[in-house]
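Since we're looking at a predicted model, the values are computed, not measured.
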Amino acid sequence: MPLFQLILGALYLLLPIHLASSLSHIIRITLSDQSQSRTYTLPVTVLPAQQNSDNNNPSNQIRNDTQETDENIDIHENLVKCIIKAVKVTQTGVLTLQVTSLNRKASESLANALNESDIQVSLSSSYQIKVKITEVDGVKVTVQMELQGSDSQDIVEVRVVRNVTAKVKEGSYARLQKGSFTMTQLPLQITKSQEQTVVMIQQTSNAVSITFFTFGLIFSLLLQIIMNQIWGLLNDLSFLVSLSMVSLSIPGIAQPIQSAILQFIYLDIFMTDKWLPSIADRYLTQEELDEDGAVNGYFEGSGFGSRYMQYNLGSTLIFMGIYAGLLVAIGVMQPFAKRYQRVQKVSDRLKERLMWSGTIRFIIQQYQPLLISSLLHLSSPTDHQNASTGVKFSYNLAISTIALLGLCLLAFTFILQRSDVTTNDFLQKYSPLTDCLNPTSNILALNWITITLIKWSLMSLSLTLLRDYPAQQLQCLSLLSLLSLALQTHAKPQLHPTEQSISLFNELMACLYLCIMPSLMFEHEKQEQIGIALLSVIVMTFGVNLGKVVYCVVREVYKRVRLSRKLRKQSQNVVKMQPIENDVSSVTDVSQCNDLSNDILEVEEVKEIEAPTQVSVEYGRKASVVKGQPFVRQTIEQQLFQVREVVY
């Protein structure tokens with residue numbers, strides 16, 4: 001009976017001599033517990049031992065100038081031992097290796113000296129695969145593996161086949177010992193055509209993000225309702241697309257599409273990945289930079305490629321700085337606002353844009369990336385006492401962000417409970433808390449934004465703290481999705497029936513997505529079909545929500561065009577005014593004219609007419625309202641001789 005050992009997902013067999021003499025074997029392994037058992041069949045091929053033919057391999061002659069042979073090194077000279085570590089593998093077969101030691105200079109020298117012939121890369125389920133070193137960046141070596149595609153998760157094994165030695169300086173050498181071994185998980189691979197599709201989606205997402213933000217600045221001034229629809233689309237899809245961070249590999253391009261939508265929601269419009277890391281790197285030590293990286297490939301694909309907040313937040317960090325600076329500027333302007341009218345105008349303008357509506361909208365939109373970035377840093381083991389300035393900044397920012405988000409959650413609840421949500425003052429200050437909602441229908445509808453933020457908080461906790469336990473992630477997220485579906489069905493918090501139907505549809509699609517995902521853990525032979533099903537859910541949900549936004553935008557534009565034409569037609573009406581209290585011809589004192597100019601017209605009757613006609617109007621001294629709006633103030637001359645329009 002052959003002995004076997006399971007280490008980090010790789011199966012190692014110790015075969016008896018009479019079995020090792022033959023070439024092929026079938027091994028059956030049965031895994032069982034008290035409730036069920038399952039048998040796996042493993043084909044095993046025994047290969048003859050390889051002879052060391054390093055001296056006859058021409059590729060071994062292509063070495064770095066700093067590399068030396070062991071015979072040329074005196075054993076009494078300074079020798080730095082290095083180790084090799086597999087950092088990650090992408091869905092396109094790119095393997096990243098890292099050489100580490102106590103001396104960074106030694107690690108860099110050895111990384112530059114490393115050749116393809118020095119390492120053997122293989123999958124646990126097959127034999128050696130061809131590799132090519134494409135880039136060396138400091139201590140990190142990027143290797144392109146020639147894979148034919150992988151329809152199931154595998155283990156990438158990297159083994160050093162001979163001693164690799166590099167000269168650091170005179171009398172000092174770095175060595176990577178023969179037999180050094182490392183492994184990492186291979187994600188499900190995508191084809192070349194799928195890779196091109198992913199690149200196109202990512203480029204389109206970046207372009208749309210910039211266009212969306214640019215036009216958003218204009219539309220937010222003119223078409224606030226349209227902007228609210230777009231914000232609603234992003235918020236409605238945030239839960240579904242965040243499921244790309246569940247620690248399960250999905251075949252095909254479903255996860256890249258989710259990640260692209262997620263990054264579009266986070267709006268990295270400043271392209272911070274191009275310039276912000278070079279600034280943040282200055283405040284971290286080189287060892288911290290070498291150890292930094294994404295907690296796993298699923299978070300990295302969603303834009304969280306680091307453990308530190310200054311890298312993960314990106315444009316959100318820039319927005320936070322801008323908002324904080326503008327709020328401080330408002331406070332500084334207050335002592336000068338009473339003296340200088342221009343300062344007062346600027347201060348009022350900033351208050352109108354930022355306090356409170358703009359700030360609330362920003363917090364709601366960026367709630368998830370702020371919370372996830374904070375949790376990723378706090379859940380990663382780091383020595384903050386002896387850390388660099390950059391690590392301490394990230395730690396303090398994470399603590400402050402979580403505290404601020406908690407206070408905002410309490411503040412939103414307090415505002416909704418203590419305020420009259422139907423007043424104009426509330427809508428002017430706190431409209432993002434009730435946009436597209438019917439807060440007067442029931443208590444759940446009133447606090448729906450608070451419920452949504454709590455839902456996002458629980459989702460973020462499940463994704464970050466349970467990232468090493470995908471089964472528990474699915475359990476928590478499924479319960480959360482079912483609870484959200486029940487609340488949506490019962491409360492119906494949206495204002496319009498269309499919004500209610502779309503929100504219910506989104507909740508159903510999220511539940512369906514979570515019901516399909518566990519199949520990835522059991523149905524290994526149907527991975528491709530499961531990936532297509534998950535992709536169909538994503539595409540269908542996004543298409544329906546996008547169609548809803550287009551419908552609402554067209555409907556709003558149609559209403560505005562119709563209203564504009566109606567007002568233009570009514571502007572042709574002629575109004576005949578008959579003063580009843582004062583006769584202008586009898587006025588000799590200019591002050592009487594000024595006194596009369598402050599009066600407001602009182603309309604006896606205004607009715608909708610198709611052709612120009614006369615409307616009987618009386619001139620009075622008391623203020624009046626015509627169909628809910630005050631009539632326009634005019635001087636006496638304008639009132640009698642230069643009437644231009646009727647205001648409803």
Side-chain angles (χ1 to χ4, degrees), residues 87-88 90 96 98 135 137-140 142 199 202-214 216-217 234 245 259-328 359 362-363 365-380 382 384 387-402 404-405 460 464:
V87 179
K88 64 177 179 179
T90 66
T96 301
Q98 181 174 326
E135 183 183 3
D137 183 12
V139 299
K140 293 185 177 181
T142 303
V199 172
Q202 293 174 346
Q203 293 176 349
T204 304
S205 176
N206 293 333
V208 171
S209 297
I210 298 176
T211 305
F212 172 80
F213 179 78
T214 304
L217 293 178
L234 300 180
M245 289 181 277
S259 301
I261 298 175
L262 194 63
Q263 294 182 28
F264 174 71
I265 293 175
Y266 295 160
L267 287 179
D268 188 16
I269 53 94
F270 291 124
M271 299 295 180
T272 53
D273 58 322
K274 307 297 182 183
W275 56 271
L276 185 59
S278 61
I279 299 176
D281 290 349
R282 303 174 186 174
Y283 302 97
L284 296 174
T285 64
Q286 195 60 54
E287 290 76 12
E288 292 168 344
L289 289 173
D290 293 339
E291 294 297 327
D292 185 32
V295 294
N296 58 39
Y298 309 103
F299 279 93
E300 184 177 21
S302 299
F304 300 96
S306 173
R307 290 177 171 85
Y308 303 128
M309 292 195 66
Q310 56 266 40
Y311 296 97
N312 288 332
L313 289 180
S315 293
T316 303
L317 183 64
I318 306 301
F319 276 119
M320 290 175 62
I322 294 174
Y323 266 93
L326 292 176
L327 292 176
V328 171
T359 304
F362 172 78
I363 292 174
Q365 186 64 29
Q366 300 300 324
Y367 187 89
Q368 287 188 69
L370 287 170
L371 183 57
I372 292 177
S373 299
S374 302
L375 292 174
L376 285 177
H377 178 88
L378 296 178
S379 62
S380 302
T382 306
H384 299 98
S388 63
T389 304
V391 175
K392 292 181 178 178
F393 170 79
S394 179
Y395 175 74
N396 294 327
L397 183 60
I399 295 292
S400 303
T401 299
I402 290 181
L404 179 62
L405 293 178
S460 301
T464 54

Could Glu135 and Lys140 be called an ion pair, given the rule that one side-chain N must be under 4.0 Å from one carboxylate O?
-> no

d(Thr285 OG1, Glu288 CD) to nearest 0.5 Å is 3.0 Å

Indicate the atoms forming the closest heavy-atom contact of Lys392 with Ala387, along with that distance.
-> CE-O, 3.5 Å

For Met309 and Ser374 the tightest heavy-atom approach is CE-OG, 3.3 Å

To the nearest 0.5 Å, how far apart are CG in Asn312 and CG in Leu370?
-> 11.0 Å

Considering only heavy atoms from C-beta outward, does the side chain of Thr272 approach that of Tyr311 to under 4.5 Å?
-> no

Student check: side-chain heavy atoms of Thr464 and Leu371 closer than 4.5 Å = no

Are any of the side-chain heavy atoms of Leu289 and Asp281 separated by less than 4.5 Å?
-> yes

Does a donor on one side chain sit under 3.5 Å from an acceptor on the other, for Asp292 and Ser306?
-> yes

Reported CG-to-CD distance for the pair Leu397 and Gln310, which is rounded to 0.5 angstrom = 8.0 Å

Give a yes-or-no answer on whether the side chains of Ser460 and Gln368 include a donor-acceptor pair shorter than 3.5 Å.
-> no

Nearest 0.5 Å, what's the CD1-CZ distance between Ile372 and Phe304?
-> 4.5 Å

Using atom types as modelled and distance alone, determine if a side-chain donor or acceptor of Gln366 lies under 3.5 Å from a backbone N or O of Ile363.
-> no

Centroid-to-centroid, Phe362 to Tyr323, below 6.0 Å?
-> yes

Between Ile318 and Leu313, is a side chain to side chain contact (heavy atoms under 4.5 Å, CB included) present by the stated rule, with each step listed?
-> CA-CA 8 Å; Ile318 306 301; Leu313 289 180; over 6 Å; no

Would you say the side-chain atoms of Ser394 pair up with the backbone N or O of Gly390, donor to acceptor, closer than 3.5 Å?
-> no

What orientation do His377 and Tyr395 show, parallel under 30°, tilted 30 to 60°, or perpendicular over 60°?
-> tilted

For residues Ser380 and Val295, report the shortest heavy-atom separation together with the two atoms involved.
-> OG-CG1, 4.2 Å

Less than 4.5 Å apart, any side-chain heavy atom of Tyr283 and any of Val391?
-> no

Test side chain to side chain contact (heavy atoms under 4.5 Å, CB included) on Thr142 and Asp137 and set out the steps.
-> CA-CA 8 Å; Thr142 303; Asp137 183 12; over 6 Å; no

With side chains defined as the heavy atoms from C-beta onward, is the minimum distance between Arg307 and Glu291 less than 4.5 Å?
-> no

Under the side chain to side chain contact (heavy atoms under 4.5 Å, CB included) criterion, do Leu284 and Thr389 qualify, and how do the steps go?
-> CA-CA 7 Å; Leu284 296 174; Thr389 304; over 6 Å; no

